[in-house]
Amino acid sequence: MPFYDRNNIFARILRGEAPCTKVYEDEFAFAFNDIYPKARIHVLVIPKGEYVSLVDFSQSAPPEMIAGFWRAVTKIAERLGVADGYRIGSNVGPGGGQVVFHFHVHILSGPRT
Ligand code: AMP
């Protein structure tokens with residue numbers, strides 16, 4: 001498992017040290033617009049904890065955090081008004097295209113940009 005770098009950009013956003021366009025926050029999750037949107041709606045959801053990737057999160061997070069996080073993901077999608085549907089994804093590891101090593105889920109909807 002890669003080392004969790006507390007200075008990664010999403011950790012800094014979570015601590016309020018770097019700017020973002022926030023769309024949602026609760027005790028488990030924080031969500032903001034992707035800075036380089038790949039669809040009309042492109043939101044990133046991150047857990048409030050130090051998890052490198054989906055694998056780290058699934059294996060290490062307490063069950064209430066896992067449940068709270070995934071409930072937040074679907075609640076955020078609902079709030080975004082993506083009535084036509086949406087897709088979610090998570091890149092895992094460098095080979096999977098992950099470039100920020102704080103676990104995050106992409107919510108995308110609408111035509112790809
Ligand atoms: P991934 O390949 O899954 O690690 O994707 C990282 C995502 O984070 C990319 O879609 C980037 O556009 C996005 N991103 C990187 N830096 C920022 C930032 N400061 N604010 C918002 N989104 C960011």
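Starting from 1, each residue takes its place in the sequence as its number. Just so you know, ligand 1 is whichever comes first in the structure, and atom 1 is the first atom listed for that ligand.
Within the structure, ligand 1 has Gly97 among the residues with a heavy atom less than 4.0 angstrom away.
The CZ atom of Phe57 sits 13.5 Å away from the NE2 atom of His104 when rounded to the nearest 0.5 Å.
Taking any N or O of Gln98, backbone or side chain, none lies under 3.5 Å from an N or O belonging to ligand 1. The distance criterion of under 3.5 Å between nitrogen or oxygen atoms is met by Val99 with respect to ligand 1. Checking only distances, His106 does come within under 3.5 Å of ligand 1, N or O to N or O.
When each atom of ligand 1 is checked for a heavy atom of Phe32 under 4.0 Å away, the hits are 21 (C). Residue-ligand proximity, Leu44 to ligand 1, at heavy-atom distances under 4.0 Å covers atoms 8 (O), 13 (C), 22 (N). Within ligand 1, counting atoms from 1 as listed, the ones closer than 4.0 Å to a heavy atom of Lys38 are 10 (O), 12 (O). Interface of Asn91 with ligand 1, defined as ligand atoms under 4.0 Å from a residue heavy atom, comprises 1 (P), 2 (O), 3 (O).
Applying the 6.0 Å contact sphere to CZ of Arg87 captures more than 12 heavy atoms from other residues, nucleotides or ligands. Remark: Arg6 CZ is loosely packed, at most 12 non-hydrogen atoms of other residues, nucleotides or ligands lying under 6.0 Å away.
In the candidate list Val43, Asn8, Ile35, Ile35 is nearest to atom 20 (N) of ligand 1, counting heavy atoms. With distances taken over non-hydrogen atoms, the option nearest atom 13 (C) of ligand 1 out of Asp34, Asn33, Ile9 is Asp34.
Applying ring-ring contact (aromatic ring centres under 6.0 Å, His included) to Phe103 and the options Tyr51, Phe10, Phe69 leaves one that passes, Phe69.
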* Under the salt bridge (Lys or Arg N to Asp or Glu O under 4.0 Å) criterion, do Glu27 and Lys48 qualify, and how do the steps go? -> CA-CA 7 Å; Glu27 67 178 297; Lys48 288 188 169 178; over 6 Å; no
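In terms of protein heavy atoms, atom 6 (C) of ligand 1 is closest to His104 NE2, 3.7 Å. Nearest non-hydrogen protein atom to atom 8 (O) of ligand 1 is Phe10 CZ, 3.3 Å.
A donor and an acceptor atom, one from each side chain of Tyr24 and Asp26, are located under 3.5 Å apart.
In this structure, the ring of Tyr4 has its center less than 6.0 angstrom from the ring center of His102.
Looking at Ser109, its side chain does come within 3.5 Å of a backbone N or O of Gly85 through a donor-acceptor pair.
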